[in-house]
Amino acid sequence: MNEQVANPTEETLDPCDWDGLQGLAHQVIDDAIAHIRDVRDRPVWREMPEQVRKAFASPTPERPQPLPDVYRELQELLMPYPMGNIHPRFWMWFMGAGSFSGALAEFIAAVDGSNLGGGNNAAALMDLQVVDWLKQMTGFPESAGGTLVSGGSMANIIGLTAARTAMAGIDVRAEGVAAMPQQLRYYGSEQAHSCHQKAVELLGLGNRALRRVPTGPDFRMDVSALQDMIAEDRKAGHRPACVIATAGTVNTGAIDDLPEIGALCRKEGLWFHVDGCIGALAAIAPENGRLVRGLETADSMALDPHKWLHVPFEAGCALVRDANTHRNTFAVHPEYLEEKPRGIAAGEYLHDYNLQTSRAFRALKIWLTLKEHGTEKFGRLIDQNIAQAHYLSGLIERAPNLQMMAPTTLNIVCFRFDPGALQEAELRELNTEIMLRMQETGIAAVSDTSVAGHHCLRVAICNHRTKREDLDLLVQEVSRVGAVLTCGEGMGAATTD
Ligand SMILES: *Cc1c(COP(=O)(O)O)cnc(C)c1O
């Protein structure tokens, strides 16, 4: 090392005091372990005081601050006020509950620092391996294409874009949708996730190109109605292109008839896409894997490791049975990204299967989590959540003023407090108030929705920390708060007390 070339005006982000940093880093780890270990002792959620809100309106920092001070600020402003989804009584939306190893993996991925656009490095191999594992877990062939993305919404966009490439009838990448000889039609049930609307809009097909197929009393797609719509669209000169089957709907957890829809797609020559963001991973569950049988025959599939694998956000995965179609949908080769026979840029670029160029090292948290626990444990945990949903449904059925609002297939339970003699609007107001009070007191987080036009509370149990006693407490509290709100006072009193 030539001391003379060192220029004292040259700066770096590295610290001068690595030993001091080590002390702080150890503190961060200790605090993190305590934070996760003691989550059950804290409320699910709490409202932020005004000074916390104000703190986040402070201007861009221009001058440096010691890292320990910045960390202390985080401890005060951030850590006491999370969304709550790592808590054992968070069942509000469908998302994972996190884990310490998942957090550690995020840290290690950032320390490695690789950009998963691709290239000849171990992180890229790990990325490919994780995609292969997800294929194996869902019964997809080894030869399929696949890519890790931010989440389920993006994974669905990847699948639906591959479907457009395959079904456009022209080179749609070169010519654009305006040149298509026929308008494409996609089909999803009226219970399909809202991301599909964004996807067809983004693909230039228009929201109207996504036909909403009615569902039956079980909230599964009515396949004979689907068949009629396909025939109707052909008659109108459109090109039926793709059916989006949902393996586990957000509202009720209903699973469309995958074998029947798959068979119809093959008969009619349509692309078969499965939105498996909720249910695809149930394929590894010994008791309930049968519920999603047929998923492995899809042309493309979206799944969401940041749900039932509990890895930190963001982690979704798109699989496309025909790897060539997948690649032909996204690959571009600008001169500054030419692959080389040797060195750092050797091998296939991962961004050729994806819309992103730079990509996060998402694979590590999935890899580490699967290595640590194994798929058998995750399968059991998925079964456990589904059993808990059925347990909760049983409690609700036996409770005097609670009413089930949809059948429980998977791990989602829809119900409401209904003391009788109230109108629909009053029930909506009452149940909304119950939901908000439980959030504000930090007892439990549930969401609400409407099924078949009826407002209800919705419990989605995607949580490895939930115990049956937590569900006992939920039923007890909903009944108690409901009784307090309705005891002889009517709803007018309920909202003003
Ligand atoms: C969660 C979910 C999505 C969206 O996934 P994100 O990871 O939130 O982007 C899509 N479809 C279904 C059925 C889902 O449950």
Side-chain angles (χ1 to χ4, degrees), residues 83 85 90-98 102 134 138 146-161 163 186-203 210 212-213 215 219-221 242-258 261 272-283 291-292 294-295 298 300-319 354-356 359-360 362 365-366 382 385-386 389 406 408-414 447 449 451 458-463:
M83 175 181 269
N85 50 298
F90 184 97
W91 309 297
M92 193 159 171
W93 298 297
F94 204 102
M95 55 179 82
L134 292 168
T138 52
T147 185
L148 297 178
V149 290
S150 56
S153 304
M154 203 38 126
N156 279 308
I157 287 177
I158 300 276
L160 300 189
T161 310
Y186 283 37
Y187 307 84
S189 91
E190 48 164 32
Q191 295 288 316
H193 193 272
S194 57
C195 69
H196 298 291
Q197 176 178 340
K198 286 195 195 177
V200 291
E201 290 173 4
L202 183 71
L203 289 174
L210 177 58
R212 271 70 166 186
V213 184
T215 56
F219 302 102
R220 304 168 85 200
M221 186 187 288
C242 172
V243 181
I244 302 161
T246 305
T249 60
V250 268
N251 258 346
T252 71
I255 299 167
D256 289 338
D257 190 334
L258 305 177
I261 295 171
F272 176 35
H273 176 83
V274 173
D275 179 349
C277 288
I278 287 180
L281 287 165
L291 294 176
V292 293
L295 147 125
S300 56
M301 172 161 60
L303 61 150
D304 232 357
H306 64 205
K307 290 179 175 167
W308 248 330
L309 292 186
H310 303 290
V311 299
F313 302 107
E314 305 167 340
C317 178
L319 299 177
N354 203 299
L355 286 161
Q356 289 178 264
R359 294 172 65 232
R362 298 190 174 94
K365 57 196 170 192
I366 305 173
I382 290 168
N385 281 165
I386 297 170
T408 298
T409 320
L410 218 52
N411 56 336
I412 297 177
V413 179
C414 292
S447 62
T449 188
V451 293
R458 172 180 167 279
V459 178
I461 313 174
C462 180
N463 194 319

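Note that ligands are numbered from 1 as they come in the structure, with each ligand's atoms numbered from 1 the same way.
Checked by atom type, the side-chain pair H193/D275 shows no donor-acceptor distance below 3.5 Å.
Each of T249, T449, I278, N251 was checked for a side chain to side chain contact (heavy atoms under 4.5 Å, CB included) with I412, and the lone residue meeting it is I278. Considering T252, I461, V292, L291 in turn, L291 is the only one that fulfils the side chain to side chain contact (heavy atoms under 4.5 Å, CB included) rule with L410.
Of all heavy-atom pairs between F313 and N85, the closest is CE1-ND2, 3.8 Å.
Heavy-atom contacts of I278 reach the following atoms of ligand 1: 15 (O) (cutoff under 4.0 Å). Ligand-side atoms of ligand 1 in range of V250: 14 (C), 15 (O), range being under 4.0 angstrom from any heavy atom. Of all the atoms in ligand 1, the ones that sit under 4.0 Å from a non-hydrogen atom of S153 are 4 (C), 5 (O), 6 (P), 9 (O). Those atoms of ligand 1 that come under 4.0 Å of a heavy atom in K307, given as number and element, are 1 (C), 2 (C), 3 (C), 5 (O), 14 (C), 15 (O). Taking every heavy atom of D275 and a limit of under 4.0 angstrom, the matching atoms of ligand 1 come to 10 (C), 11 (N), 12 (C), 13 (C). With ligand atoms numbered from 1 in the order given, ligand 1 contributes 7 (O), 9 (O) to contacts under 4.0 Å with heavy atoms of G151. For ligand 1, the atoms closer than 4.0 angstrom to any heavy atom of D304 are 1 (C), 5 (O), 6 (P), 7 (O).
With rounding to the nearest 0.5 angstrom, the CG atom of L210 is 7.5 Å from the CD atom of Q197. With rounding to the nearest 0.5 Å, the separation of CE in M301 from CG in N156 is 11.0 Å. Expressed to the nearest 0.5 Å, how far CG of D304 lies from CE of M154 amounts to 12.5 Å.
Residue contacts with ligand 1, taken as heavy atom pairs separated by less than 4.0 Å, do not involve E314 at all.
For ligand 1, the polar-atom distance check finds no N/O of H196 at less than 3.5 Å from any of the ligand's N/O atoms. Residue-to-ligand polar distances place G152 within reach of ligand 1: an N/O pair is separated by less than 3.5 Å.
The option from H306, H193, Q191, M95 that lies nearest to atom 10 (C) of ligand 1, judged by heavy atoms, is H193.
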Legend entry - Verdict with supporting geometry, N385 and W308, side-chain contact (heavy atoms from CB on, under 4.5 Å): CA-CA 10 Å; N385 281 165; W308 248 330; 3.0 Å; yes

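Distances shorter than 4.0 angstrom occur between a heavy atom of G248 and an atom of ligand 1.
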